[in-house]
Undergrad: 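For reference, the structure I am asking about is given below.
Only this structure's heavy atoms are used, side chains among them; waters, hydrogens and symmetry mates stay out.
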Amino acid sequence: VQLVESGGGTVTPGGSLTVSCTASGLPSDVDAIGWFRQAPGGEREGVACINNKDGRTYYGDSVKDRFTIVGDVAKNTVSLQMNSLKPEDAAVYYCAATTFYVETPKDCLDDYNMEFWGKGSEVTVSS
């Protein structure tokens, strides 16, 4: 299994950026795929997640109404469109997926439930 993130970089506050994840070798019974982030000195937190069973999307409270997760099954990609970026959004963003059964938004956004991880893509928000 390989999850490869791309699209990170530096953006000014209020700007937009999209990070993408290309997946290969994932099992056919993937239950959820999503984005997590970890800022320096901080804990990893769930940002956005897609429940593959019904296509529902879930977001962390700090990014609701600013970030959008989009999955393209045909291309095996999942993207995170980030708008109105704030300095506190700066972090390494990780793509992750799991075959574990994910039932609730909390399940989907819990990194403990994720099996497969990318290496991360750094996002810097600075003026």
Side-chain angles (χ1 to χ4, degrees):
V1 175
Q2 265 199 321
L3 299 173
V4 180
E5 301 94 341
S6 61
T10 300
V11 63
T12 56
S16 299
L17 194 67
T18 297
V19 287
S20 297
C21 173
T22 301
S24 58
L26 280 174
S28 59
D29 58 343
V30 167
D31 208 77
I33 188 165
W35 287 93
F36 295 76
R37 69 185 182 186
Q38 187 168 20
E43 294 186 354
R44 191 158 53 190
E45 65 168 323
V47 176
C49 190
I50 297 176
N51 186 325
N52 276 357
K53 295 184 294 295
D54 54 19
R56 291 186 183 182
T57 56
Y58 310 119
Y59 297 93
D61 289 340
S62 62
V63 305
K64 278 179 183 175
D65 301 323
R66 298 190 298 122
F67 289 12
T68 303
I69 187 170
V70 178
D72 187 329
V73 176
K75 295 182 179 179
N76 283 336
T77 61
V78 59
S79 298
L80 184 68
Q81 301 167 354
M82 304 181 287
N83 298 320
S84 302
L85 282 159
K86 305 175 182 180
E88 52 263 42
D89 293 317
V92 177
Y93 282 71
Y94 297 92
C95 179
T98 187
T99 60
F100 295 157
Y101 184 80
V102 166
E103 187 171 10
T104 67
K106 185 178 179 182
D107 289 343
C108 207
L109 294 169
D110 189 342
D111 62 345
Y112 183 79
N113 293 325
M114 294 293 144
E115 290 181 278
F116 311 108
W117 290 88
K119 293 183 179 180
S121 181
E122 187 166 11
V123 172
T124 302
V125 184
S126 174
S127 54

Undergrad: The criterion is side chain to side chain contact (heavy atoms under 4.5 Å, CB included); which residues satisfy it with S20, sequence neighbours excluded?
TA: S6, T18, S79
Undergrad: Would a distance-only check, ignoring hydrogens and angles, find a side-chain to backbone donor-acceptor pair under 3.5 Å from Q38 to G42?
TA: yes
Undergrad: Could you tell me whether the side chain of S62 reaches within less than 4.5 Å of the side chain of E45, counting heavy atoms only?
TA: yes
Undergrad: Using a 6.0 Å cut-off, check whether atom CD of E88 has over 12 heavy atoms from anything other than its own residue.
TA: yes
Undergrad: Nearest 0.5 Å, what's the SG-CG distance between C49 and N52?
TA: 8.5 Å
Undergrad: Please report the shortest heavy-atom distance between A32 and V102, naming the atom on each side.
TA: CB-CG2, 4.0 Å
Undergrad: Are any of the side-chain heavy atoms of V92 and R37 separated by less than 4.5 Å?
TA: no
Undergrad: Counting N and O atoms only, with roles assigned by atom type, does the side chain of N83 sit under 3.5 Å from a partner on the main chain of S16, one being a donor and the other an acceptor?
TA: no
Undergrad: Which atoms form the tightest heavy-atom contact between V78 and C95, and what is the distance?
TA: CG1-SG, 3.9 Å
Undergrad: Could you state the interatomic distance from CG (D110) to OG1 (T98), rounded to the nearest 0.5 Å?
TA: 10.5 Å
Undergrad: Between the main-chain N or O of T77 and the side-chain N or O of D72, is there a donor-acceptor pair closer than 3.5 Å?
TA: no
Undergrad: Could you check whether T99 and D31, counting side-chain N and O atoms only, form a donor-acceptor pair closer than 3.5 Å?
TA: no
Undergrad: Distance from I33 atom CD1 to C21 atom SG, nearest 0.5 Å?
TA: 5.0 Å
Undergrad: Taking the side chain as every heavy atom from C-beta outward, state whether I50 and Y58 have any atom pair closer than 4.5 Å.
TA: no
Undergrad: Evaluate side chain to side chain contact (heavy atoms under 4.5 Å, CB included) for F67 paired with D89, printing each intermediate quantity in order.
TA: CA-CA 11 Å; F67 289 12; D89 293 317; 3.9 Å; yes
Undergrad: For K53, is the NZ atom crowded, meaning more than 12 foreign heavy atoms sit under 6.0 Å from it?
TA: yes
Undergrad: Does a salt bridge link D61 with K64, judged by any charged N lying under 4.0 Å from a carboxylate O?
TA: yes
Undergrad: I need the full list of ring-ring contact (aromatic ring centres under 6.0 Å, His included) pairs touching residues 100-127, with sequence neighbours left out, sorted by first then second residue.
TA: F36-W117
Undergrad: Within the structure provided, determine whether W35 and I69 are in side-chain contact (heavy-atom separation under 4.5 Å).
TA: yes
Undergrad: Could you list the donor-acceptor pairs under 3.5 angstrom formed between side-chain atoms of residues 119-127 and any protein atom two or more places apart in sequence or on another chain?
TA:
| residue | atom | partner | partner atom | Å |
| --- | --- | --- | --- | --- |
| S121 | OG | G8 | N | 3.1 |

Undergrad: Is any side-chain heavy atom of M82 closer than 4.5 Å to one of V63?
TA: no
Undergrad: Is the shortest heavy-atom distance from the side chain of P27 to the side chain of V1 under 4.5 Å?
TA: yes
Undergrad: Could you check whether any side-chain heavy atom of M114 comes within less than 4.5 Å of a side-chain heavy atom of Y94, counting everything from C-beta outward?
TA: no
Undergrad: Whether the side chain of T12 engages the backbone of G15 through a donor-acceptor N/O pair (distance < 3.5 Å, no angle test) should be reported.
TA: no
Undergrad: If you measure from CG on L26 to CG on L3, what distance do you get to the nearest 0.5 Å?
TA: 5.5 Å
Undergrad: Is there a donor-acceptor pair closer than 3.5 Å between any side-chain N or O of R66 and the backbone N or O of S84?
TA: yes
Undergrad: Assess whether atom CG of D65 is packed by more than 12 heavy atoms of other residues, nucleotides or ligands within 6.0 Å.
TA: no
Undergrad: Is there side-chain contact between L80 and V47, with at least one heavy-atom pair below 4.5 Å?
TA: yes
